[in-house]
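Below: one structure, written as structure tokens.
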Amino acid sequence: MSWVSRQVQQLGPEVRSVIGRFPVAVAGFAVLTVLAIMKAHEEVPAPLVDSIEKVLFGLTVGGLYAIAGTLFGEARRLGALLRQGIALALYIGALAVVLGTGDLGPGDLFFLGAAVLLVGLAPYLAGRADLDAFWLFNQQAFIGAVFALFGALMFFLGVLLIEQSIKILFGLGSGDLAFKILLPVSLCFLAPVAWLAMLPVAGTLERVEGLSALVVSPVHVLNRFVLVPLLTVYAAVLLAYAAQIAVSGALPKNQIGWMVSGFGAIGALSFLVLYGERATVGPFFAGFRRFWFPATIVPVILLAIAVWLRVDAYGLTPERVFLALVALWLGLMALIFTATLGRADIRLVPGILAALFLLGSLGPLSPEALTAQSQTARIVAMLSQAGAIEDGRLVANDEIGAGIDGDTRRNLRSALQALRNVDRLDALRPLLGKENGAVFAKSDDPHEVYRRISALLDIDPASVNARNRREARIAARGARLFRAGGIGVFGPFDLWAVTNRTARAGAMTVARVGKTVFRVDVGAASPVRIDFAEAFERTLEEGGEDAGKVPLSKSATTGDRRVTVTFYEARLRQETDGPVELSSGRFVVVVTPRTR
């Protein structure tokens with residue numbers, strides 16, 4: 001018998017064992033691998049072209065839920081058929097949830113996080129469970145995942161090295177084998193199947209000895225002598241910061257959200273790692289386990305205040321939803337483990353987080369839904385305050401933005417960007433009404449819809465992004481084009497139309513030759529130059545209720561003609577201590593005999 005035959009024969013029972021134990025998950029990973037290879041070769045079936053990333057993600061998540069279902073059935077000694085029925089139901093249900101939520105978004109990541117946590121929780125969901133067995137199972141699952149991923153990557157890199165060597169030395173091959181076939185096979189099939197082979201049956205594990213102990217010990221050494229001391233010092237730093245806030249009356253800085261979140265998550269992981277060593281650790285580490293969660297109470301309060309301040313000022317975004325979820329999780333952990341002096345069921349640590357992830361991934365509590373609700377409410381409130389909404393709808397197009405100042409315009413733009421980021425711009429449909437339905441017509445591109453809504457709301461990107469800017473809108477209606485008695489009124493002209501070219505009306509031409517300067521040629525002795533810089537600056541300085549309600553005119557003479565340029569709609573902006581700029585507007589040119 002050849003060496004290859006012997007290896008295959010030895011592997012046979014293990015492969016059959018994994019397939020027999022996790023048939024639904026293995027089949028799902030096989031389908032995932034085939035589709036990943038097809039995507040790498042750009043040969044995806046036509047119905048899946050637009051949603052292939054979502055399908056691949058759904059197959060991955062479905063496989064994890066199927067594994068959790070199998071482990072759940074094993075722990076309860078259910079029959080093989082019922083076990084696989086549960087796994088299949090969870091697989092189909094998870095895939096349906098992912099595919100039914102539109103494009104990939106933060107809610108899908110919450111759903112994935114819940115799946116990962118449930119794999120470790122599934123065999124121990126009963127009311128009473130051996131917590132030592134729970135700890136050992138999750139330790140083995142984690143170590144198995146690391147080894148499986150490392151082994152799959154080593155296999156891929158080994159083949160890649162061989163393939164590239166053949167290509168360089170002999171000029172053979174294209175390089176597609178490694179990246180377009182073996183990489184998907186390694187990551188989508190070999191790694192998860194190898195991990196499944198290392199997953200123990202719940203209740204059959206004993207404490208690790210020998211080689212396994214050597215593998216585990218670096219993790220424990222890192223935890224004991226690096227993470228726990230650093231976390232202890234960091235907790236003291238956060239408590240000192242809280243004391244400074246209490247004394248000075250200042251508010252927490254924005255960065256505190258991510259600082260406390262990372263601090264709390266790493267600390268919870270260290271707490272769980274120490275659980276398996278609780279009988280052998282010294283008083284310092286025993287004290288850490290007992291007082292860790294009570295020590296997080298003040299940092300969690302800082303986190304909650306920071307999140308509330310940002311949400312109150314700028315509304316919800318997926319990042320703030322995540323921070324709020326982490327704050328709730330850490331807060332519950334602090335209360336539960338403080339009340340029990342650190343003796344609460346350790347399954348609560350991943351279990352409550354998994355439950356929050358599930359709640360936060362579905363329906364009205366998803367980050368996308370909460371962001372859409374919050375940011376839409378912000379937009380409605382800002383436009384209502386600016387007088388741009390009547391009877392729950394936007395006012396006529398020529399009135400939108402007349403009462404919107406620079407700060408409001410920046411906030412409107414940030415709210416609109418938040419809606420675009422979660423693909424929920426259609427939440428504004430009721431506000432825009434039927435008369436503005438064209439904003440959503442003939443385009444599925446969120447960037448195009450975003451541009452149209454920005455134009456409709458009169459949000460100037462340059463004025464939104466700048467800070468410390470004064471702003472005024474000049475608006476007047478009723479100007480019209482006519483010629484009579486030696487008087488000519490030409491226009492209206494759109495500022496954008498004369499930005500890069502000369503506009504003509506009969507014998508008259510007009511061009512913009514500077515930020516606030518216009519050249520008008522009426523066929524007289526020479527063209528005139530009219531500079532609105534001082535007039536625009538005076539308009540901004542005067543402010544008041546009437547500053548934006550009257551036309552703004554400036555005149556010059558040439559030969560026997562007087563030329564007057566009158567702006568009846570303009571958008572002005574000025575940086576602090578900077579020049580006045582005209583970003584957009586409409587104007588007319590009036591030509592009269594000089595004696596008039």
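For the numbers below, each heavy atom of this structure counts, side chains included, while hydrogens, waters and symmetry mates do not.
Between L323 and V326 the shortest side-chain heavy-atom distance does not fall below 4.5 Å. Using a 4.5 Å heavy-atom cutoff, the side chains of L71 and L118 are not in contact. Within the 4.5 Å cutoff, no side-chain heavy atoms of M259 are placed close to those of F263.
The backbone N or O of Q417 sits less than 3.5 Å from a side-chain atom of N421, completing a donor-acceptor pair. The backbone N or O of E368 lies less than 3.5 Å from no partner atom in the side chain of T371, so there is not a single donor-acceptor pair. Judged by distance alone, the side chain of S374 and the main-chain N or O of L370 form no donor-acceptor pair under 3.5 Å. R347 places no side-chain N or O within 3.5 Å of a backbone atom of L131 that could act as its donor or acceptor partner. Within the 3.5 Å criterion, the main-chain N or O of L309 finds no donor-acceptor partner in the side chain of D312. A donor-acceptor pair under 3.5 Å links the side-chain atoms of S366 to the main chain of A369, judged by distance alone. Checking side-chain atoms of R424 against main-chain N and O of L419 turns up no donor-acceptor pair under 3.5 Å. Judged by distance alone, with hydrogens and angles left aside, the side-chain atoms of S414 form a donor-acceptor pair with the main-chain N or O of N411 at under 3.5 Å.
Proximity of the aromatic rings of W135 and F142 is defined here by a centroid distance below 6.0 angstrom, and this criterion is not met.
A cation-pi arrangement, defined by a distance under 6.0 Å to the six-membered ring centre and an angle within 45 degrees of its axis, is absent between R290 and F288.
With sequence neighbours excluded, the residues forming a ring pair (Phe, Tyr, Trp, His ring centres under 6.0 Å) with F156 are F179, listed by chain and number. For R378, the side chain to side chain donor-acceptor pair (under 3.5 Å) test picks out Q375, with sequence neighbours left out. For R451, the salt bridge (Lys or Arg N to Asp or Glu O under 4.0 Å) partners at least two apart in sequence or on another chain are E448. Every residue was checked against the ring pair (Phe, Tyr, Trp, His ring centres under 6.0 Å) condition with F22, not counting sequence neighbours, and none meets it. K39 is linked by a side chain to side chain donor-acceptor pair (under 3.5 Å) to nothing, counting only residues two or more places apart in sequence or in another chain. The side-chain contact (heavy atoms from CB on, under 4.5 Å) search around L153 returns L149, L187, not counting sequence neighbours. Residues forming a side-chain contact (heavy atoms from CB on, under 4.5 Å) with P192 (at least two apart in sequence, or on another chain): F29. By the side-chain contact (heavy atoms from CB on, under 4.5 Å) test, P350 pairs with L117, L121, F134, sequence neighbours left out. For T317, the side chain to side chain donor-acceptor pair (under 3.5 Å) criterion is met by E319, not counting sequence neighbours.
When all heavy atoms are compared, the tightest approach of A115 to Y65 is CB-CE1, 3.3 Å. Minimum heavy-atom separation, P367 to F110: CG-CE2, 3.6 Å.
No option in V61, L35, L104, V31 other than L35 meets the side-chain contact (heavy atoms from CB on, under 4.5 Å) test with L56. The one candidate from L353, V300, I297 that meets the side-chain contact (heavy atoms from CB on, under 4.5 Å) condition with L330 is V300.
Residue pairs that meet the side chain to side chain donor-acceptor pair (under 3.5 Å) test with at least one member in residues 20-33, sequence neighbours left out, are R21-E74. Among pairs with a residue in residues 188-201, none fulfils salt bridge (Lys or Arg N to Asp or Glu O under 4.0 Å), at least two apart in sequence or across chains. The list of side chain to side chain donor-acceptor pair (under 3.5 Å) pairs with a residue in residues 328-344, not counting sequence neighbours, is empty.
Ring geometry, F293 versus F271: the interplanar angle exceeds 60°, so the pair is classed perpendicular (tilted spans 30 to 60°).
Here OG of S384 is found 11.5 Å from CD1 of I379. Values are rounded to the nearest 0.5 Å.
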Determine whether I352 and I336 satisfy the following criterion, side-chain contact (heavy atoms from CB on, under 4.5 Å), listing intermediate values before the conclusion. CA-CA 11 Å; I352 291 179; I336 293 171; 3.8 Å; yes
L431 vs T376, side-chain contact (heavy atoms from CB on, under 4.5 Å): CA-CA, chis, key distance, verdict: CA-CA 9 Å; L431 174 65; T376 301; over 6 Å; no
Walk me through it: do M333 and V349 pass the test side-chain contact (heavy atoms from CB on, under 4.5 Å)? CA-CA 7 Å; M333 292 300 96; V349 178; 3.9 Å; yes
